[in-house]
Structure formats: C-alpha cells, structure tokens
Amino acid sequence: MLDYLIVGQGLAGSLLAWELMERGKKRVLVVDNEDPHAASRVAAGLINPVTGQRLVKTQSVDIFLPVAVSYYEQLEAAFNCRFYHSKPLLRLFRTDSELERYKERRRDPEYSSYLGEMFMPGMADEPVNDENGGFVQLQTGYVDVSLLLEKIGLYLVENDAYLSSGFDTRTVSWSESALSWNQYNARHLIFCDGASAVVNPVFAWLPFQPAKGDVLTLKSSEYVPNNIISDGHWVLPVEKPHCKVGATFHWQWQSLQPQENDRQELLDAYRRITNDEAANVADHATGIRSTTKDKYAFLGRHPDNPNISIFNGFGSKGGLTLPFYVQHYTKHLLEDAMLLDNVNINRFDVTNSPVTVARRIMAKHLEPDDIAIDATMGNGYDTLLLASCVGSRGAVLSFDIQDEALENTEQLLTQFGQREQVQLIKLGHEQMSDVIPEELKQTVSVISFNLGYLPGSDKKTVTHAPTTMIAMTKALNYLRPGGVMVVVGYPGHDGGREELDAVRAFSQKLPSEIFGVKRFVCGTDLDTAPQLYLFRLSAR
Ligand code: SAH
C-alpha cells in the first residue's frame, strides 16, 4: 500500500515527493507521462522578486526567497551539485516612466534589499543596449530546473518511486479508505499535473488559466553575458557559451509546435538587449504554464473525497514559491496543519464563486461517454469542462447566438484537444428542440445555463427571461433520471433581476416529487448577489 500516489513529476511533484520521503513517508510513487510541453521541462527557473514595467515586488517574497535559497542549498548538499545560481540582474529602462518608478521604489524601504544602483546610458558593466540607462536588481538568480528534475527523478527511480506512464483518472477505483489504480493501492492521491489539469475531470472545475510560453537556447561565438539582463524580455546566461531568452506569453494558441513568430520575437529581444547578431538558436521549447485566474496556487483536498488533493497552479513563480509551499503542504498532509486561505481551494465556495461550485457539481455528475448540454456557450469554459468530463466518446451540445462565442469556444476546445466530441450550435437555446434528436430525451446527464452576457464582450447581448424560461422547460425533457441542470444567474445587469425572479417561479412550479431543487444566494447584498440553482431529476 502506497502512502502517496503523486501525478506529475514537474517541479511541484518532484519537490513534494522529496519532502514527503525525507519526512519518513517512504511509500511514495510519482507517475509522469514525460510530456515535452510540461512547464517545468521548458522553464528557465528565473527568480526575480521585482517584475513588470511597474517594478512590483512579488507578494510575500521576503518570506519565499530565503526559504527557497536555503531549500535549494539543502538539496544541493543532498545531491552534491548546484541547483540555485545567484546572479545579479541588469534591468534596462525602456521608458522614462520606468526610471521615475525606479526612483520612487528606491525611496521605499520595502524595496531596499532588492534594488541596487542605477546606471546612466552607456555605463552598464557589460556591453548591453543600455541607451536609456538602467539599474541593478539584487537577490535574483535562477534554479536549474532540468537538473533538479533529473536528480530527483533518479532518486525516485532508485527508491522504486517512479513510474513513466500516463494517468487517466477514469481508471481509478475507490474503496472505503484507499484507491486502486492498475496494480497499485494508495491512501492518498495528489495531482501535480500542471496545465493538463484543465482536462482532468477531478479538478478541471477550478478556475485555471494556462498560458503558453516559449524559451530559446542560444549559442553565440561573440558574446555570453555575465549577468541576467532584462528589459521585459530576459536573457539568462547558463552554461557557456549558451544563454536562454524568454519568454513569450499567450492565452491562446493553435499548436504546441514551436512557431516562427515566437522564435522571431525572442531573437529580436536578444538582439535588442545584447546588440549581438552572432547567436544561433540551439533549442526552441514551448510549454504551458499552469497559471490560475486569480494568480494564486491551488492547494487542498477535493471537497467530495479528502483522500484526493491538488498541489498545482504555481505558474511562472514556482521556482521561488514552491519550496515554501511544499513544506506548507506537507505539514498539512502529515500534521493536518491549516492551509493558508489565499491558496486553499476552499476559497471557491458558493459565496465567492458560484460558477466554480456549479462547475464542480457538473463534473461530479458526468461519466465518460455521457451526454451534456451547454445552453450558454459564452467563451467556452463550461463547454470545455463538459467535454473533458465526457471524453472523446461522449457528446456535448453547446448553444449560443453570437459568432464571437462560437469562435472563442472553438479555439479553446481545439487548444486543449477536446473539439471532437462537441457540437457548436449557433441557435437560441429556446429553439434547442429543433436540433436535438428526439432520441436524446431522458439521456442527458448535465445541462448548464450560465445566464447574462458574454464576459469580455460589449455586454449588449444578454439572455432574457422569456426565452430562458422556454429553454429551461425544453431542456428538462432531455435530462436522464439522476441528471442535473445547473443555472447561474446575475441580478446586476438590465433584466437580470426579472430573469432570476422567473427562474425562481419556474423552480417553484416543478413537481417536487420529481425534481429536487436547491437554490443558493451567493452573497448578502441581494441586489448584486448571483444565484445558483440546482435541478435534479429524481433517479426513480
Ligand atoms: N458559460 C459561459 C458564459 C455564458 S455568458 C462561459 O463559461 O464563458 C452567456 C451567453 O449566453 C452569452 O455568450 C450570450 O451570447 C448567450 N446567449 C444569449 N441569449 C442566448 C440564447 N437565446 N440562446 C443561447 N445563448 C444565448
């Protein structure tokens, strides 16, 4: 019997496995599918406490950084090699406002240990393009993530704690206190599966927001910098004569194959920063960062099963924050210590995030091969969730009346490999019975209504009470016994209040011996609080 089965050997899974094993939990197994686009395989491991054009200090960096440095030292002693390379960073000004911002920050004692001296144009201590001047950043460096993954990987292999394999959550079965997967039994399952969590039904309902990023490795006969240099993009000297250049940032992408425009963006940045034309591209890597919508990591146990948990969503600051969170999470797992509120996934409760709760309920009611309906496609996040839960042999019928919604959803589904099982239907949901075959009556497991306007649009097109009522009435005919219809409505916009009143009246008219109805008012201010309705057709 394993104590911990960990999915994913990125930086999060590696450090967590290491920490658990060091603390005496010897029976750990890490499963990894060795995806070349996993963020940790691509990441340059840059550690930079003060970032962005506005030179903002990372929250809690005063805590994270010393913990990280001493943690990597400990690992260095254990593995007898170097993981953390402390290196100053030359920050080049691009605009006058950055200079002004620097001066302001320099006066702020909070920043004093991170900001060094300014240099005038032409005065940087290496031949970079400093035509606007710049300043030296302190307490910067990088973690050699690939070496760390390699060393911990070997350690795991030697301790019989590594398995190279994909992990399909649908093949896990549960008994009272343990799970079994293939020939393994384990007491606790931890997902450190990076951006692929978006299509893994267990935690896909959480508000992830992955971002694609590229890093080039360059080799130059002319010049290898001594410092890290940044003007927004960064150049990081690694083993001579190589340096890395990064990073691009995209919310949307067509392909994970390295793209010419990204390569050009990074080459241009390198040339702009260094004035060196002699570099050749030795490697071009593309990865998906597991960033989250609220920018905080996801830690905690699954609300329906405390023996499944998540340790994910560290985004591009993982090298800096993981040593702290690994110890924090281990304390939670072994000693039941409380998790910090800002990273605990219980922050997505019905009051703070009715949409997330609605998504969790939907995921819970879906099995592979099921059929689901998204009556309000919008930007496609719910359609993507439904599609991931039903899998490639299931089906999702998704409705919207705006081209923009169909385009965004198509993009999102394609990006995460879930396009096949979805029908994108440009039609008002009040007409759904015109296109849904008769045979689908009483077969659909989950129906979603997320009312209101398309997020990010001009907000002019909204759902309306009369058509919403027709659609909800029709939709219920498709529900299978035990299936659920989840409705989230908002009173804040024009007509929103009327619509919610109509949903309420609708819910009260349903025969209560056939439909279980639950209503949550998500907040205390009734004028603005969204409402979540759950309709469940009795299993009979
Ligand atoms: N679930 C979405 C958000 C939905 S926003 C997400 O996760 O992003 C509501 C959507 O309903 C809008 O895109 C709007 O165009 C659409 N809509 C408005 N009236 C509609 C109708 N009669 N039939 C179907 N969709 C409609």
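Along the sequence shown, residues carry numbers from 1. As the structure lists them, so they are numbered: ligands from 1, and atoms in each ligand from 1.
- By the 3.5 Å distance cut-off applied to N or O atoms, Gln402 is counted among the residues near ligand 1.
- Contact between Arg347 and Tyr296 at its shortest, heavy atoms only, is NH2-O, 3.1 Å.
- Here the shortest heavy-atom distance to atom 11 (O) of ligand 1, taken over Thr376, Leu406, Asp382, belongs to Thr376.
- When hydrogens are left out, the protein atom nearest atom 18 (C) of ligand 1 is Thr463 CG2, 3.5 Å; that is the closest non-hydrogen contact.
- Protein heavy atom nearest atom 24 (C) of ligand 1, with residue, atom name and distance: His429 ND1, 3.3 Å.
- Remark: ligand 1 and Asp374 share no N or O pair separated by less than 3.5 Å (distance only, no angle test).
- Ring pair Phe203/His302 is tilted by interplanar angle, where 30° to 60° counts as tilted.
- Between Phe64 and Tyr325, a ring centre-to-centre spacing shorter than 6.0 Å is recorded.
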Check the pair Lys212 / Asp262 against salt bridge (Lys or Arg N to Asp or Glu O under 4.0 Å), numbers first and verdict last. CA-CA 11 Å; Lys212 184 176 101 151; Asp262 291 317; 3.8 Å; yes

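- The nearest protein atom to atom 5 (S) of ligand 1, hydrogens excluded, is given as Tyr453 O, 3.2 Å; this is a heavy-atom distance.
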Evaluation steps, salt bridge (Lys or Arg N to Asp or Glu O under 4.0 Å), between Glu410 and Arg419: CA-CA 7 Å; Glu410 167 126 52; Arg419 178 66 186 88; 2.8 Å; yes

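- Neither the backbone nor the side chain of His464 has any atom closer than 4.0 Å to an atom of ligand 1 (non-hydrogen atoms only).
- Within the set Ile401, Val488, Thr467, the minimum heavy-atom distance to atom 19 (N) of ligand 1 is found for Ile401.
- Heavy atoms only, all atoms of each residue included: Val245 and Leu266 are closest at CG1-O, 3.5 Å.
- At a cut-off of 3.5 Å, with distance as the only test, a side-chain donor of Asp349 or Asn352 sits close to an acceptor on the other residue.
- Ligand-side atoms of ligand 1 in range of Gly428: 21 (C), 22 (N), 23 (N), range being under 4.0 angstrom from any heavy atom.
- Nearest to atom 3 (C) of ligand 1 among the protein's heavy atoms is Asn450 ND2, 3.7 Å.
- For a threshold of 3.5 Å applied to N or O pairs, the pair formed by Thr461 and ligand 1 contains no separation below that value.
- The ligand atoms of ligand 1 that sit less than 4.0 angstrom from a heavy atom of Asn379 are 6 (C), 8 (O).
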Could you give the side-chain donor-acceptor pairs of residues 355-372 under 3.5 Å, partners two or more places apart or in another chain?
| from | atom 1 | to | atom 2 | distance (Å) |
| --- | --- | --- | --- | --- |
| Thr356 | OG1 | Ser353 | OG | 2.5 |
| Arg359 | NE | Trp205 | O | 3.1 |
| Arg359 | NH1 | Tyr381 | O | 3.1 |
| Arg359 | NH1 | Asp382 | OD1 | 3.1 |
| Arg359 | NH2 | Ala204 | O | 3.0 |
| His365 | ND1 | Ile361 | O | 2.9 |
| Asp369 | OD2 | Arg393 | NH2 | 3.4 |
| Asp370 | OD2 | Glu367 | N | 2.8 |
| Asp370 | OD2 | Ser445 | OG | 3.0 |

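- The distance from ligand 1 to the heavy atoms of Gly452 drops below 4.0 Å at these ligand atoms: 9 (C).
- Taking the side chain as every heavy atom from C-beta outward, Arg480 and Leu537 never approach each other to under 4.5 Å.
- Considering backbone and side-chain N/O of Asp400, one or more are found under 3.5 Å from N/O of ligand 1.
- Taking a 4.0 Å cut-off on heavy atoms, Ala375 registers as neighbouring ligand 1.
- In summary, the aromatic rings of Phe348 and Phe298 are positioned with their centroids under 6.0 Å apart.
- At the top of the distance list for atom 22 (N) of ligand 1, counting protein heavy atoms only, stands Glu430 OE1, 2.9 Å.
- Checked against the 6.0 Å centroid criterion, the rings of His188 and Tyr4 qualify as a close aromatic pair.
- Remark: distances from the non-hydrogen atoms of Glu404 to ligand 1 are all 4.0 Å or more.
- Gly380 counts as a contact of ligand 1, since one of its heavy atoms falls under 4.0 Å from the ligand.
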